[in-house]
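Quick one: structure below, then a few questions.
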Amino acid sequence: MSKTRFVAFATQKGGIGKSTITALVANYFHNVKGYNVAVIDCDEPQYNLADLRDEELELIKSSDYFKAQACEHFKKLGKKSFSVTRSNAVNALDDAETVLNETEVKLDFIFFDMPGTIKSEGVMKTLSQMDYIFVPVSADRFVVESAMSFMQLFHDNFLTQGWSVTKKLAFFWTMVDKRERTSLYDVYEGMFKSLDYSVLNTRLPDSKRFRRELSENRKAVFRSTIFPTDPNLLRGSGIKELSDEICEIIKI
């Protein structure tokens, strides 16, 4: 690819799992699809992704088992883990430029984990420079209304005014409970499409596996910024399908 793509998972409703999804998709792109990626953690002051990276490094440092696993993984992969940079919505683009200038390899993607509210300073300006924005949404009236409010605000004030470089802005379903009526999603999707809002085909399930991190008591990991997701846990999670669909949209 001739250009580094900027991709953000963004919403103005917290607790929808965007940081976890950012970590999982970045991990899959880097460790499975073979792309060179970086992550800018703009979610100040939580810094969930940057903190996760620090915790994993400490665990590897203190464990001979994980140290050996990390060495074997990097040798097999032929490259290091992707970088995770602490930033904020105001400085995110400048920090991304620094990462691009200092990286040893050409980056195919930079993923941005944005704050949980568009009211934070600099959020909309940073989002306007994203090539692709994907908005996680669950089948909850308040979440849907919040997501639609964000979508309309960004569309009316940036896309239609020509102040954004964004090529694709789309919803996707997450935290999907198999017990929920599928007709409920059809109703919401009909509402989205009536407003010309795009919806991805992939639906991520509501599963405890999304919280499964590296641990001394666990050999199989799902959410990680270093190790690839365990294949058994990956199956049925929707992360492969979501990553594939994003690649199809970007046409790579």
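All values derive from a computational prediction rather than experimental measurement.
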- Item | Joint hydrophobic cluster, I16 plus V137, side-chain heavy atoms closer than 4.5 Å |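 Yes, it is one cluster - the side chains of I16 and V137 are joined through contacts under 4.5 Å.
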
- Query: Do side-chain atoms of D41 reach the backbone of L49 as a donor and acceptor pair under 3.5 angstrom?
  - Reply: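 Such a contact is found between D41 side chain and L49 backbone.
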
- Message: I'd like to know if the side chain of N157 reaches the main chain of L153, judged simply by a donor and an acceptor atom lying under 3.5 Å from each other, with no hydrogens or angles considered.
- Response: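 It does hold such a pair.
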
- Kindly indicate whether the side chain of F158, heavy atoms from C-beta on, has any atom under 4.5 Å from the side chain of T166.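 Side chain of F158 against side chain of T166, heavy atoms only: no contact under 4.5 Å found.
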
- Same hydrophobic cluster for V165 and M124, using side-chain heavy-atom links shorter than 4.5 Å among ILVMFWY?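 No: no chain of side-chain contacts under 4.5 Å links V165 to M124.
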
- Message: Checking E213 against S224: is there a side-chain donor and acceptor pair closer than 3.5 Å?
- Response: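 No, because no side-chain N or O of S224 sits under 3.5 Å from a partner of the opposite role on E213.
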
- Message: The criterion is salt bridge (charged side-chain N to carboxylate O under 4.0 Å, His left out); which residues satisfy it with D43, sequence neighbours excluded?
- Response: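 D43 satisfies salt bridge (charged side-chain N to carboxylate O under 4.0 Å, His left out) with K18 once adjacent residues are dropped.
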
- Taking the side chain as every heavy atom from C-beta outward, state whether V176 and L204 have any atom pair closer than 4.5 Å.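 No, side chains not in contact.
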
- Message: Is the positively charged end of R141 above the ring of Y188, judged by distance under 6.0 angstrom from the centroid and angle within 45° of the axis?
- Response: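 No, R141 does not lie over the aromatic ring of Y188.
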
- Does M175 reach the side chain of D140, with side-chain heavy atoms less than 4.5 Å apart?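 No, every pair of side-chain atoms sits at 4.5 Å or beyond.
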
- Item | R86 bridged to D51 by N-O distance under 4.0 Å |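 Yes, R86 and D51 are salt-bridged.
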
- Message: Using a 6.0 Å cut-off, check whether atom CD of Q161 has over 12 heavy atoms from anything other than its own residue.
- Response: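 Above 12, so yes.
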
- Query: Distance from K33 atom NZ to K240 atom NZ, nearest 0.5 Å?
  - Reply: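 Taking NZ in K33 and NZ in K240, the distance rounds to 6.5 Å.
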
- Item | S146 side chain to F142 backbone, donor-acceptor under 3.5 Å |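 Not confirmed, S146 side chain does not pair with F142 backbone.
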
- Can you name the nearest heavy-atom pair linking T126 to A89, along with the distance?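 Between these two residues, the closest heavy atoms are OG1-O, 2.5 Å.
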
- Treating Ile, Leu, Val, Met, Phe, Trp and Tyr as nodes and any side-chain heavy-atom pair under 4.5 angstrom as an edge, say whether V90 and Y47 lie in one connected cluster.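 The answer is no; the residues belong to distinct hydrophobic clusters.
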
- Message: We want to know whether K79 and N36 form a side-chain donor-acceptor pair, criterion being a heavy-atom distance below 3.5 angstrom.
- Response: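 Short answer, yes.
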
- Task: Apply the test side chain to side chain contact (heavy atoms under 4.5 Å, CB included) to residues F134 and I246: give CA-CA distance (whole Å), side-chain angles for both, the deciding distance (0.1 Å), then the verdict.
- Result: CA-CA 9 Å; F134 301 103; I246 290 173; 4.0 Å; yes

- Starting from the C-alpha separation in whole Å, work towards a yes-or-no answer on side chain to side chain contact (heavy atoms under 4.5 Å, CB included) for F112 and V7. CA-CA 6 Å; F112 292 74; V7 179; over 6 Å; no

- Message: Quick check: closest heavy atoms across L127 and I133, and the distance to 0.1 Å?
- Response: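 Shortest heavy-atom separation between L127 and I133 comes out as O-CD1, 3.5 Å.
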
- Query: Where do F82 and R53 land on the side chain to side chain contact (heavy atoms under 4.5 Å, CB included) test, with the steps shown first?
  - Reply: CA-CA 10 Å; F82 57 83; R53 166 57 63 82; 4.0 Å; yes

- Message: I'd like to check C42 versus P115 (side-chain heavy atoms, cut-off strictly below 4.5 Å). Are they in contact?
- Response: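 The answer is yes, as the side chains (C-beta and beyond) meet within the 4.5 Å cut-off.
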
- Query: Which atom pair, heavy atoms only, marks the closest approach of F227 to I60?
  - Reply: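 In terms of heavy atoms, the two residues are closest at CE1-CD1, 3.8 Å.
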
- Query: Just by distance, do the side chain of S243 and the backbone of Y28 share a donor-acceptor pair under 3.5 Å?
  - Reply: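 No.
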
- Say whether N27 and N31, considering side chains only, have a donor N or O and an acceptor N or O under 3.5 Å apart.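 Result is yes, a qualifying pair exists.
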
- Task: Decide, yes or no, whether a salt bridge links E189 with R203 under the criterion of side-chain N to carboxylate O below 4.0 Å.
- Result: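 Between R203 and E189 there is a salt bridge, with a charged N closer than 4.0 Å to a carboxylate O.
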
- Message: Is the shortest side-chain heavy-atom distance between L200 and F171 below 4.5 Å?
- Response: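 No, their side chains stay 4.5 Å or more apart.
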
- Kindly compute the distance separating SG (C71) from NZ (K76), expressed to the nearest 0.5 Å.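 Answer rounded to 0.5 Å: 15.0 Å.
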
- If you look at every heavy atom in A96 and F6, which pair is closest and at what distance?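 Heavy-atom minimum between the residues: CB-CZ, 4.1 Å.
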
- Quick one: is the NZ or CZ of R212 closer than 6.0 Å to the six-membered ring centre of F222, and within 45° of its axis?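 The answer is no; the distance or angle limit is not met.
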
- Among all residues two or more places apart in sequence or in another chain, which pass the salt bridge (charged side-chain N to carboxylate O under 4.0 Å, His left out) test with E58?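 Salt bridge (charged side-chain N to carboxylate O under 4.0 Å, His left out) list for E58, sorted by chain: empty.
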
- Hey, is the main chain of L107 close enough, under 3.5 Å, to the side chain of T4 for a donor-acceptor pair?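 At least one qualifying donor-acceptor pair exists.
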
- Show your reasoning for whether side chain to side chain contact (heavy atoms under 4.5 Å, CB included) applies to E97 and N101. CA-CA 6 Å; E97 190 67 29; N101 291 333; 3.9 Å; yes

- Task: Give a yes or no on whether E248 atom CD has more than 12 heavy-atom contacts from other residues, nucleotides or ligands under 6.0 Å away.
- Result: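 No.
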
- Message: Within this structure, what is the CD-CG distance for the pair Q152 and L159, rounded to the nearest 0.5 Å?
- Response: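 Answer for the CD-CG pair, Q152 versus L159, is 12.5 Å.
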
- Task: Would you tell me whether E241 and T202 have side-chain atoms, one donor and one acceptor, within less than 3.5 Å of each other?
- Result: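 T202 and E241 do not have a side-chain donor-acceptor pair below 3.5 Å.
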
- Item | Residue pair W163 / S128: nearest heavy atoms and the distance that separates them |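 Taking W163 first and S128 second, the nearest heavy atoms are O-CB, 3.6 Å.
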
- Linking I/L/V/M/F/W/Y whenever any side-chain heavy atoms sit under 4.5 Å apart, do V105 and L100 land together?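 No, it is not one cluster - the side chains of V105 and L100 are not joined through contacts under 4.5 Å.
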
- S62 side-chain N/O to L59 backbone N/O, donor-acceptor pair under 3.5 Å: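 Side chain of S62 to backbone of L59: a pair is present.
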
- Under 3.5 Å, is there a donor-acceptor pair between the side chain of N88 and the main chain of E44?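 Side chain of N88 to backbone of E44, a donor-acceptor pair under 3.5 Å: no, none is there.
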
- Could you tell me whether the side chains of T85 and D95 share a donor-acceptor contact shorter than 3.5 Å?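 Side chains of T85 and D95: no pair found under 3.5 Å.
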
- Aromatic plane relationship, F172 with F9 - under 30° parallel, 30 to 60° tilted, over 60° perpendicular: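 Answer is perpendicular, since the angle exceeds 60°.
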
- Task: Compare all side-chain heavy atoms of L24 with those of I239 and state whether any distance is below 4.5 angstrom.
- Result: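 Contact flag for L24/I239 side chains = yes.
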
- Task: Report the distance from atom OG1 of T22 to atom CZ of R223, rounding to the nearest 0.5 Å.
- Result: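 Taking OG1 in T22 and CZ in R223, the distance rounds to 11.5 Å.
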
- From the options K251, R5, K168, K3, select the one residue that forms a salt bridge (charged side-chain N to carboxylate O under 4.0 Å, His left out) with D131.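 Running salt bridge (charged side-chain N to carboxylate O under 4.0 Å, His left out) over K251, R5, K168, K3 with D131 returns exactly one hit, K3.
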
- Has E145 got more than 12 heavy atoms of other residues, nucleotides or ligands less than 6.0 Å from its CD?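 Check passes, neighbour count above 12.
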
- Task: Kindly check if the number of other-residue, nucleotide or ligand heavy atoms within 6.0 Å of NZ (K80) is above 12?
- Result: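 No, because the 6.0 Å sphere around NZ of K80 holds 12 heavy atoms or fewer from other groups.
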
- Item | Heavy-atom pair of closest approach, residues A26 and V37 |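 Of all heavy-atom pairs spanning A26 and V37, the closest is O-CG2, 3.8 Å.
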
- Query: Roughly how far, to the nearest 0.5 Å, is the CD atom of E56 from the OG atom of S81?
  - Reply: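 With rounding to 0.5 Å, OG (S81) is 9.0 Å from CD (E56).
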
- Report yes if the side chains of V199 and W173 come closer than 4.5 Å at any heavy-atom pair, otherwise no.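 Of all side-chain heavy-atom pairs linking W173 with V199, at least one is under 4.5 Å.
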
- From OG1 (T20) to CZ (F210), nearest 0.5 Å: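 Nearest 0.5 Å value for the OG1-CZ distance: 8.5 Å.
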
- Query: In terms of ring plane angle, is the pair F29 and Y35 parallel, tilted or perpendicular, where the classes change at 30° and 60°?
  - Reply: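 F29 and Y35: tilted rings.
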
- Is F150 close to T11 at the side-chain level, that is, under 4.5 Å between some pair of heavy atoms?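 Contact flag for T11/F150 side chains = no.
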
- Task: Answer yes if L195 and V143 sit in the same cluster of Ile, Leu, Val, Met, Phe, Trp and Tyr residues linked by side chain heavy atoms under 4.5 Å apart, and no otherwise.
- Result: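 Hydrophobic grouping puts L195 with V143.
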
